[in-house]
Structure formats: C-alpha cells, structure tokens
Colleague: 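Here's a structure for you.
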Amino acid sequence: MRYVSTRGEAPALGFSDAVLAGLARDGGLYVPEAWPHFSPAEIKAMRGLSYADLAIRVLTPFLGGEIAPAVFERLVREAYAAFRHDAVCPLIQTGPNTFVLELFHGPTLAFKDVAMQLLARLMDHVLAERGERATIVGATSGDTGGAAIEAFAGRERTDIVILFPNGRVSPVQQRQMTTSTAANVHALAIEGNFDDCQGLLKDMFNDHGFRDAVSLSGVNSINWARIMAQIVYYFSSALSLGAPDRPVSFTVPTGNFGDIFAGYAAKRMGLPIERLVIATNDNDILARTLSSGEYRMKGVVATTSPSMDIQVSSNFERLLFEVSERNTETVRRYMNSLKQSGAFTIEANGLARIRAEFDAGRATQADVAETIRATLARSNYLLDPHTASGVHVAGLQSAGNTPMIVLGTAHPAKFPAAVEEASGIHPALPSWLADLMNSEEKYAVLPSDLKMVEDYVRRRSRAAR
Ligand SMILES: Cc1ncc(COP(=O)(O)O)c(C=O)c1O
Ligand SMILES: N[C@@H](CCOP(=O)(O)O)C(=O)O
C-alpha cells in the first residue's frame, strides 16, 4: 500500500513515512493509492469481534506490511484499553430508528481520542525503530489539542506544540491543553480563529527549510492515520445494526471534514452506507457548497459548538480528489483559487458525485439549544452542542427505514455552560478530570505571525538542527 498526494506533486510514500509526514510536501493530503475492499462475506465475518479485534481486521490492509502484525496488535490493544467503556464506542438508541454513536469515552471525552491514542503509539513505534525524534505541531478549535496532548505527553521522542484560538475554546477544552505538566508539551494561544491556527500549521509544513530543521510532524486529520483509525467505528456501529445485510446512514457534526471522510472511506471499503449527512453549525460553508456548488468563505462566527467553527475544511480536499477521479490538476486549481480569492466552483460531474453520496444541513445556535432540550425531554439523553447539531440535521432528513446513526463527538461536560443553559442540567466532569478546573495553567500567547510561531516552535524542539 502506497499513499499519494491529492496535489500529485509530492512523492508517493509508504505507510510509516505517510504517518510521519502529515501534510504532503506539495501542500496536498495523503490518500491510499487504492481503497482496500471487503466483500459482504468478509464484513459478515467481522460480527461479534471486540473493538480492538475489529480495528486490527479493518486497518491491517492500510499498513502495507510495514508494521509487524504482533506489534500492531499490541499498539491497538493498548490504545483501546485507555477507554472507559467496554464497547469503546457504544451505540445508544435515542429514537425509533435513530442512534447516537458515543465516541467520547476516551481520556479527554472527545472523538479525537479514538484515533489519537493509536496515532501516538504508531508514531512512537516508527520513531523508535528509526532512532529519530519529531516535533509535532497541531492546530485545534478545541478538542484535537487536548486529545493530542494527552496522547503524546511524556513521550521521549516527540515534542508537541498545540496552537489554539485565544478565547475561543471552552474553559474545559482550554484547561485540557494548558494544565499538562509534561516537559514535552507546549500550549500556544494564537490571537485569531481556528482557520488562522490551521493556516499557520500549513505554512510551517510548506516552509521546507523549517519543516526539515525541526522534523515537523502533524496530528491533525491532515495526517492519514487519523482518518484511518476513525474508519473503524463506522464498521462497528453498522455491524451492530445488521451490516452488511442492512444498510445504515450517518449524520456527522462536521468542521474539518475528517470524521465524515472516514465514513466515505468505510463506504469505499464495502460497508453498506446509504447516506452520509454533513451537519454544520452557523459556520455552514459545507451546507452552502452542497446546495450551490460553490465553496465560498465568508468569515467565522463563534458558536456554542466551537470545535466546528471552521471555514477551511481541510479534508474536503480529499473528497474533491476522489470525485474529480483523482485529477490532481483539478484539485490544484480549486486550492489555488481558494487561496487567491477565497472561493472555487466544483465542476458539474464532481458536484453530482458528491450529491449522490452526501446530504448537508445547518443547525443554528437556537436549533442546537432546542435539540438539547427536546432530546432530554423525549429520550432522557443529554447531548453536547456538537452532537446536538447532528441530531437536529438528522431530523431534517426524510425518515425512511434505514437506521440513522448520529456521531456523538463530545461529552456534554466539555461544554457545561451551553448545555446547562439549554437543559437546566449542569453536566459534571467524570472523577478522573474532577481537578481540572483547579489545576494551574501554563501557556504562551502570540499573534498570528508565522515567523514568531516558527521561532517559538524551534526553541522548544529537541529535534531542531
Ligand atoms: C466535538 C467535535 N465535533 C465535531 C467536530 C468536527 O469534526 P471534523 O473536523 O472531523 O469534521 C470536531 C472537530 O474536529 C469536534 O471536536
Ligand atoms: N475540531 C477540531 C479541529 C481540528 O480538527 P482535526 O480533526 O483536523 O484535528 C478540533 O477540535 O481541534
């Protein structure tokens, strides 16, 4: 298995190199050169596997033989032993034909833990085998940062710097990033929004001198291994509702398009998924794009679901690559246009292919609050604002016989103010995080300035040459 760049101007890489590379050197994102495929009989044979065994079965084809089977098995088992629910990602019925897939039983209460716990172990393994170090820089709108810090804290071979938008994450999210006592962890608040943070991150990857000097790696969903690990829970939930004999649909609270792209990948691998529904909050660029065919930025507004406050939805590039029949020239044209004018128009064939698989809808802040309230009243189930956007948008879809699974992307206790205002209930943090709000914070603040941020990273990198 090799990995190719969506922009076609970077070398194809094997699995381990793709994991360490993060972003391709041409600015593109790595995707498998061909999708592994499971037959219905092979999917049926996955029924009843534990989450870890299923992950090993589903993910092994992506490794290209580069990680020894016994090692991979150990890494997967260790990663999912860190979860507080035996099922790892349990599926909860919330309505006659609707379900919430709870992805928040990991150490930081966010769906990011599912992939990050495995990615950290994979990176550590590859770096140790090579006798190398790496400097990880991540951009977060709130959840990736905490999950990455938790997964990489104290790891000997990596230093990690997390860029978060100053004042735009929830207090719980902020403290998950700023209270680590590990010497290799550095939280950096940027005066700007998430798109500024992600823009700085991509600029650092595209500055090849800097990239090589600090051995830069990334753990955002631009890193293929993040998407890869997220594919597994599409399989686990669909299998528990009768796949491959019975198709299912998914609604996914969406920002950077990584989670829903993992669903698209699962479908390409043979999982019978009927519809993939993109749920946005007031930052509705993807919903507008699906209806008009034009991807046009118009500025980010802060909402009660801050992790979805995104305009530059990085993984949409992976979908554009697929629906343009892997035409890298088309992808480069779209991305250049986005950089120059803040917009691009999707060709008719590509748009038709997107619409054949995806729907999209928007949940306003009022919709989110009302959905939290109504779901509690109807199903006695407390949603976080991100999952609530998914439940709202799922409710706008035509109700057929196909089960609808909404991805539950965060625990309500990460967003207590919005949840309490909507429901009257103050969701408590679990006991292992009970001290979080009393712990001392440590972080730096910088303007959104590439030079200053690169200097900051270089000074904290033990890999720097
Ligand atoms: C709680 C939560 N929900 C939804 C999303 C959106 O996921 P994605 O960026 O993969 O589209 C995020 C951030 O990524 C998140 O943290
Ligand atoms: N919502 C995310 C934004 C970054 O997403 P990623 O999946 O690309 O890491 C966050 O919480 O940070």
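First listed ligand is number 1; within each ligand, the first listed atom is number 1.
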Colleague: Hey, which atoms in ligand 1 end up nearer than 4.0 Å to a heavy atom of A410?
Modeller: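 Near A410, meaning under 4.0 Å from one of its heavy atoms, ligand 1 has 1 (C).
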Colleague: Number the atoms of ligand 2 from 1 as they appear, then name those within less than 4.0 Å of a heavy atom of D143, with their elements.
Modeller: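 With D143 as reference, the close atoms of ligand 2 come out as 10 (C), 11 (O), 12 (O).
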Colleague: Kindly give the heavy-atom pair with the smallest separation between S240 and L91, and that separation in Å.
Modeller: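 Smallest interatomic distance, heavy atoms only, reads OG-CD2, 3.5 Å.
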Colleague: Any idea how Y264 and F358 line up, ring-wise: parallel (<30°), tilted (30 to 60°), or perpendicular (>60°)?
Modeller: parallel
Colleague: Enumerate the atoms of ligand 1 whose separation from the nearest heavy atom of H386 is less than 4.0 angstrom.
Modeller: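 Under 4.0 Å from H386, ligand 1 has these atoms: 1 (C), 2 (C), 3 (N).
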Colleague: Looking only at protein heavy atoms, identify the closest one to atom 6 (C) of ligand 1 and say how far it is in Å.
Modeller: G255 N, 3.3 Å
Colleague: Compute the shortest N/O to N/O distance between M308 and ligand 1 and return yes if it is under 3.5 Å, no if not.
Modeller: no
Colleague: I want to know if ligand 1 touches K112 in the polar sense, i.e. an N/O pair below 3.5 angstrom.
Modeller: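 Yes.
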Colleague: Look at atom 5 (C) of ligand 1 and say which protein heavy atom is nearest, naming residue and atom and giving the distance to 0.1 Å.
Modeller: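 Here the nearest protein heavy atom works out to F111 CE2, 3.7 Å.
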Colleague: Looking only at protein heavy atoms, which one is nearest to atom 3 (N) of ligand 1, and how far off is it?
Modeller: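 For atom 3 (N) of ligand 1, the nearest protein heavy atom comes out as T409 OG1, 2.8 Å.
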Colleague: Ignoring hydrogens and angles, tell me if any N or O in the side chain of D384 forms a donor-acceptor pair with the backbone of H411 under 3.5 Å.
Modeller: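 Side chain of D384 to backbone of H411: no pair is present.
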Colleague: Kindly confirm or rule out an N or O of D259 lying under 3.5 angstrom from an N or O of ligand 1.
Modeller: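 Yes.
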Colleague: Which residue holds the protein heavy atom closest to atom 4 (C) of ligand 1, what is that atom called, and what is the gap in Å?
Modeller: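 For atom 4 (C) of ligand 1, the nearest protein heavy atom is P253 O, 3.4 Å.
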Colleague: Testing S461, S215, S217 one by one against T135 for a side chain to side chain donor-acceptor pair (under 3.5 Å), which residue passes?
Modeller: S461
Colleague: Taking G154's backbone N and O only, do any of them form a donor-acceptor pair with N184's side chain (distance below 3.5 Å, no angle check)?
Modeller: yes
Colleague: Regarding ligand 2, does N256 bring an N or O atom to under 3.5 Å of one of the ligand's N or O atoms?
Modeller: yes
Colleague: Heavy-atom contacts with G142 under 4.0 Å: which atoms of ligand 2 show up? List them by number with element.
Modeller: 10 (C), 11 (O), 12 (O)
Colleague: Write out the residue and atom name of the closest protein heavy atom to atom 10 (C) of ligand 2, then the distance separating them to 0.1 Å.
Modeller: S141 OG, 3.1 Å
Colleague: Check T251 against G390 and note the closest heavy-atom contact, atom names and distance.
Modeller: CG2-O, 3.4 Å
Colleague: For S141 and ligand 1, does the shortest N/O to N/O distance drop below 3.5 Å?
Modeller: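 No, since none of the N or O atoms of S141 sits under 3.5 Å from an N or O of ligand 1.
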Colleague: In terms of relative ring orientation, are Y3 and F15 parallel, tilted or perpendicular, with 30° and 60° separating the classes?
Modeller: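 Tilted.
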Colleague: Looking at R226, which atoms of ligand 2 are within less than 4.0 Å of one of its heavy atoms?
Modeller: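 Listed by number with element, the hits are 6 (P), 7 (O), 9 (O).
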Colleague: I'd like to know whether M335 forms a side chain to side chain contact (heavy atoms under 4.5 Å, CB included) with F344, so could you lay out the CA-CA distance, the side-chain angles of the two residues, the decisive distance to 0.1 Å, and finally the verdict.
Modeller: CA-CA 8 Å; M335 292 304 129; F344 61 87; 4.3 Å; yes
Colleague: F164 and T140: which non-hydrogen atoms are nearest, and at how many Å?
Modeller: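 Looking at all heavy atoms of both residues, the shortest contact is CB-CG2, 3.5 Å.
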Colleague: Kindly give the heavy-atom pair with the smallest separation between A147 and D113, and that separation in Å.
Modeller: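 Distance-wise, the nearest heavy atoms are CB-OD1, 3.4 Å.
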Colleague: At a 4.0 Å threshold, what atoms of ligand 2 neighbour a non-hydrogen atom of F194?
Modeller: 3 (C), 4 (C)
Colleague: When you measure from the centre of the six-membered ring of Y456, is the NZ or CZ of R458 under 6.0 Å away and within 45° of the axis?
Modeller: no
Colleague: Write out the residue and atom name of the closest protein heavy atom to atom 12 (O) of ligand 2, then the distance separating them to 0.1 Å.
Modeller: T140 OG1, 2.6 Å
Colleague: Return the CZ to CZ distance between F250 and R275, rounded to the nearest 0.5 Å.
Modeller: 14.0 Å
Colleague: Is the W35 ring parallel, tilted or perpendicular to the F62 ring (thresholds 30°, 60°)?
Modeller: perpendicular
Colleague: If you count the atoms of ligand 2 from 1 in the order shown, which ones are under 4.0 Å from a heavy atom of T144?
Modeller: 2 (C), 4 (C), 5 (O), 6 (P), 7 (O), 9 (O), 10 (C), 11 (O), 12 (O)
Colleague: I'd like to know whether ligand 1 has S221 as a neighbour, heavy-atom separation below 4.0 Å.
Modeller: no
Colleague: Please collect all salt bridge (Lys or Arg N to Asp or Glu O under 4.0 Å) contacts where either partner lies in residues 417-435, sequence neighbours excluded, each pair once.
Modeller: none
Colleague: Would you check whether F164 reaches within less than 4.0 Å of ligand 2, judged by its heavy atoms?
Modeller: no
Colleague: Between ligand 2 and S221, is the shortest N or O to N or O distance under 3.5 Å?
Modeller: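 Looking only at distances, the answer is yes, because the N/O contact criterion of under 3.5 Å is met.
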Colleague: Indicate the atoms forming the closest heavy-atom contact of Q311 with D195, along with that distance.
Modeller: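 Of all heavy-atom pairs spanning Q311 and D195, the closest is N-OD2, 2.9 Å.
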Colleague: Can you find an N or O of G258 that's nearer than 3.5 Å to an N or O of ligand 1?
Modeller: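 Yes, at least one N or O pair falls under 3.5 Å.
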Colleague: Should Q230 be counted as touching ligand 1, given the test is an N or O pair under 3.5 Å?
Modeller: no
Colleague: What protein heavy atom lies closest to atom 9 (O) of ligand 1? Include the residue and the distance to one decimal.
Modeller: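 For this ligand atom, the closest protein heavy atom is N256 N, 2.7 Å.
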Colleague: Side chain or backbone of K112 under 4.0 Å from ligand 2, or both, or neither, by non-hydrogen atoms?
Modeller: side chain
Colleague: Checking a contact table here: which protein heavy atom is nearest atom 1 (C) of ligand 1, and how many Å away?
Modeller: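 Ranked first by proximity to atom 1 (C) of ligand 1 is D143 OD2, 3.1 Å.
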Colleague: Using a 4.0 Å heavy-atom cut-off, which part of M308 comes near ligand 2: side chain, backbone, both, or neither?
Modeller: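 The answer is neither; M308 stays 4.0 Å or more away.
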Colleague: Kindly compute the distance separating CG (D309) from OG1 (T280), expressed to the nearest 0.5 Å.
Modeller: 10.5 Å
Colleague: Which heavy atom of the protein is the closest neighbour of atom 15 (C) of ligand 1, given with residue, atom name and distance?
Modeller: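 Protein heavy atom at minimum distance: S307 CB, 3.3 Å.
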